[in-house]
**Q** 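Below is one structure. I have some questions about it.
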Amino acid sequence: MKKIAHVVSSLNVGGAEKFVKNISAEQIKHGDEIVIISFGKPDDAFQQAIEQSGVKVHNLTGGILQRLIQFISIVMSFSIIHIHSPSVIRALLPIFPFLCIKNIIYTIHGEVDPPQKLIKFSHKIAIVYLNQIVAVSKSAKTSVSERYGWNSNKVSVIKNGVNITNKSTKTTQSNVIRLGVVSRLIPLKNISLLFLALTKLPENISNQFTIHIFGEGPEKEKLVNNAKLLINENKVTFHGNVINEDDIYNLFDILVMCSNTEGLPMSILEAMGYSLPVISTRVGAIPNVISPNKTGWLYKVKAVDELKNILESIATSPNKTDEFGKAAKDFIKSNYSISMVYDDYNKVYSY
């Protein structure tokens with residue numbers, strides 16, 4: 001039995017948080033003792049779902065010194081500390097000598113750091129106490145050289161993992177094709193590109209599509225206004241943060257990603273695990289997951305005409321949605337199941 005403390009900056013809805021939930025539940029299933037330490041608040045959107053899965057969560061409270069004292073008190077009895085956020089690396093900077101006596105694992109979930117001071121400096125110090133560094137994709141691995149001055153050869157790659165649903169494959173409803181967006185509503189996600197692509201389609205084709213957007217963020221008001229200006233706002237539904245995956249992936253037929261940059265979004269893996277094909281920009285590790293004209297469609301960043309052409313081809317051949325969805329689920333089951341990732345991390349923990 002391993003005693004593992006996962007450390008996150010918060011438990012708001014995001015890819016890293018979803019992965020922590022998945023891997024923690026799998027580790028508990030195998031008899032490991034797990035705790036999640038969060039620098040966020042107890043009412044963070046994802047915390048209740050994690051606690052309901054049987055994982056204990058500790059929220060650090062008070063000032064910086066109080067939080068660090070609480071952190072040390074909790075992890076003293078845990079043999080492995082697994083960090084999942086660059087903000088946590090920054091927060092733990094004052095106690096890095098203590099961390100040198102622990103087995104510290106750091107997973108890099110993205111390729112862009114939060115705009116906080118001391119991020120780069122704290123990572124230069126962290127290289128002293130980190131026992132193993134893991135990236136969720138090759139592009140995230142490569143980025144550490146420019147971001148932190150680290151030797152990327154010291155970083156291993158372990159893919160994200162998701163639960164595979166046993167639900168039967170969905171079928172597309174009538175002549176309505178439901179497009180889904182699952183992400184933080186922030187500028188780099190470039191969600192308005194989808195609205196713009198629809199405006200370039202003939203009206204009889206664009207009317208075949210509706211859009212379902214799941215997530216919150218600073219771009220929400222702008223997106224709502226863009227929906228009113230560019231397309232019929234009644235065709236776009238903003239659902240906010242939704243925790244239950246069934247309540248997300250059963251409400252649309254195709255996941256759409258318009259991001260300018262990504263590592264490997266959990267939403268892509270989750271959607272494919274639900275037998276949904278994906279339309280995405282050709283960024284990060286996404287081309288390693290989506291096979292064009294087999295499990296989905298890829299296009300260049302900001303290439304609105306390419307996205308428009310993809311949507312038009314789907315509207316004229318809607319049967320491809322179910323065909324590609326079945327292939328997507330088979331691929332995820334063989335390559336990205338959480339049980340496979342559990343085995344990979346067990347090897348890292350033992351180094």
Side-chain angles (χ1 to χ4, degrees), residues 15 137 139 159-160 162 169-173 175-183 188-202 204-215 230-231 235-236 248-336:
S137 67
S139 55
K159 299 174 289 189
N160 273 330
V162 295
T169 303
K170 333 188 331 6
T171 55
T172 305
Q173 291 184 344
N175 60 348
V176 176
I177 302 169
R178 301 169 300 173
L179 305 175
V181 175
V182 183
S183 76
L188 68 82
K189 301 297 183 179
N190 201 19
I191 297 168
S192 289
L193 190 77
L194 176 57
F195 302 163
L196 187 57
L198 287 174
T199 67
K200 291 178 170 288
L201 290 169
N204 66 314
I205 294 180
S206 65
N207 284 339
Q208 295 182 44
F209 293 98
T210 59
I211 301 174
H212 293 265
I213 297 178
F214 297 85
L230 296 174
I231 57 179
K235 295 169 67 68
V236 184
I248 298 174
Y249 299 107
N250 285 324
L251 282 185
F252 58 87
D253 307 300
I254 302 169
L255 180 74
V256 182
M257 299 284 295
C258 302
S259 301
N260 297 332
T261 181
E262 288 285 357
L264 181 55
M266 289 291 287
S267 58
I268 285 183
L269 304 182
E270 289 170 347
M272 294 173 73
Y274 272 79
S275 301
L276 300 177
V278 179
I279 304 170
S280 176
T281 44
R282 194 180 287 106
V283 294
I286 294 174
N288 298 331
V289 176
I290 300 173
S291 299
N293 296 315
K294 182 178 180 182
T295 60
W297 303 263
L298 295 173
Y299 65 100
K300 295 178 183 176
V301 171
K302 299 181 181 179
V304 64
D305 287 332
E306 286 188 37
L307 177 55
K308 183 263 292 184
N309 291 338
I310 291 170
L311 294 173
E312 189 168 21
S313 71
I314 292 170
T316 55
S317 301
N319 60 307
K320 287 185 178 180
T321 299
D322 294 333
E323 177 188 335
F324 288 12
K326 291 175 183 176
K329 181 173 181 176
D330 289 342
F331 176 81
I332 293 299
K333 191 172 183 179
S334 299
N335 295 276
Y336 286 89

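Numbers here simply count residues along the sequence, with the first being 1. Scope of the values below: all heavy atoms of this structure, side chains included, with no hydrogens, waters or symmetry mates.
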**Q** Are Leu230 and Leu198 close enough that some pair of their side-chain heavy atoms sits under 4.5 Å apart?
**A** no

**Q** Could you grab the distance from atom CD1 of Ile268 to atom CD1 of Ile290, nearest 0.5 Å is fine?
**A**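 Interatomic distance, Ile268 CD1 to Ile290 CD1, rounded to 0.5 Å: 4.5 Å.
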
**Q** Side chains of Leu194 and Val181: does their closest heavy-atom pair fall under 4.5 Å?
**A**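 Yes - at least one pair of side-chain heavy atoms lies under 4.5 Å apart.
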
**Q** Can you tell me how far apart NE2 (His212) and CG (Leu255) are? Round to the nearest 0.5 Å.
**A** 13.0 Å

**Q** Is there a donor-acceptor contact under 3.5 Å from the side chain of Ser317 to the main chain of Ile314?
**A** no

**Q** For the residue pair Leu201 and Lys308, establish whether any side-chain heavy-atom pair is separated by less than 4.5 Å.
**A**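 Yes - at least one pair of side-chain heavy atoms lies under 4.5 Å apart.
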
**Q** Going by the side-chain contact (heavy atoms from CB on, under 4.5 Å) test, name the single residue among Ser291, Ser275, Pro277 that passes it with Phe324.
**A** Pro277

**Q** How about Phe209 and Ile231: do any of their side-chain heavy atoms sit closer than 4.5 Å?
**A**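 Side-chain contact under 4.5 Å: no.
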
**Q** As an exercise, state the distance from OG1 of Thr321 to CZ of Phe252, rounded to the nearest 0.5 Å.
**A** 12.5 Å

**Q** Just verifying a value: how many Å separate Ser259 OG and Ile286 CD1, rounded to the nearest 0.5 Å?
**A**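 The distance works out to 6.5 Å.
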
**Q** I'd like to check Tyr249 versus Val182 (side-chain heavy atoms, cut-off strictly below 4.5 Å). Are they in contact?
**A**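 Yes; the side chains approach each other to less than 4.5 Å.
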
**Q** Any side-chain heavy atom of Pro318 sitting closer than 4.5 Å to one from Gln208?
**A** no

**Q** Heavy-atom distance under 4.5 Å between the side chains of Leu251 and Phe214, does that happen here?
**A**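 Leu251 reaches Phe214 side chain to side chain.
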
**Q** Check Leu298 against Thr281 and note the closest heavy-atom contact, atom names and distance.
**A**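 Of all heavy-atom pairs spanning Leu298 and Thr281, the closest is CD2-O, 4.1 Å.
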
**Q** How many angstroms lie between atom OG of Ser313 and atom CH2 of Trp297, to the nearest 0.5 angstrom?
**A**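 Reported to 0.5 Å precision, the distance equals 6.5 Å.
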
**Q** If you compare all heavy atoms of Tyr299 against all heavy atoms of Cys258, which two are closest, and at what distance to 0.1 Å?
**A** OH-CA, 3.2 Å

**Q** Does the pair Ser206 and Lys200 meet the rule for a side-chain contact (heavy atoms from CB on, under 4.5 Å), with working shown?
**A** CA-CA 8 Å; Ser206 65; Lys200 291 178 170 288; over 6 Å; no

**Q** Can you see which heavy atom on Arg178 is nearest to which on Asn250, and at what distance?
**A** NH1-O, 4.0 Å

**Q** Given side chains that start at C-beta, do those of Ile254 and Val278 come closer than 4.5 Å, heavy atoms only?
**A**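 With C-beta onward as the side chain, the pair stays apart.
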
**Q** Applying side-chain contact (heavy atoms from CB on, under 4.5 Å) between Tyr336 and each of Met272, Lys159, Met266, report the one that passes.
**A** Lys159

**Q** Tell me the closest heavy-atom pair linking Val176 and Asp253, and the distance in Å.
**A**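 That would be O-OD2, 3.8 Å.
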
**Q** Hey, could you give me the CG/OG1 distance between Asn190 and Thr261, rounded to the nearest 0.5 Å?
**A** 12.0 Å

**Q** Please find the pair of heavy atoms, one from Leu307 and one from Leu193, that lie closest to each other, and give the distance.
**A**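 In this case the closest contact between Leu307 and Leu193 is CD2-O, 4.0 Å.
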
**Q** For the residue pair Ala315 and Ile205, what are the closest heavy atoms and their distance?
**A**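 Closest approach of Ala315 to Ile205: CB-CG2, 3.6 Å.
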
**Q** Evaluate side-chain contact (heavy atoms from CB on, under 4.5 Å) for Leu179 paired with Leu311, printing each intermediate quantity in order.
**A** CA-CA 10 Å; Leu179 305 175; Leu311 294 173; 3.9 Å; yes

**Q** Got a sec, which pairs hit salt bridge (Lys or Arg N to Asp or Glu O under 4.0 Å) with one end in residues 257-284, sequence neighbours left out?
**A**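 Residue pairs with at least one partner in residues 257-284: Lys18-Glu270, Lys189-Glu262.
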
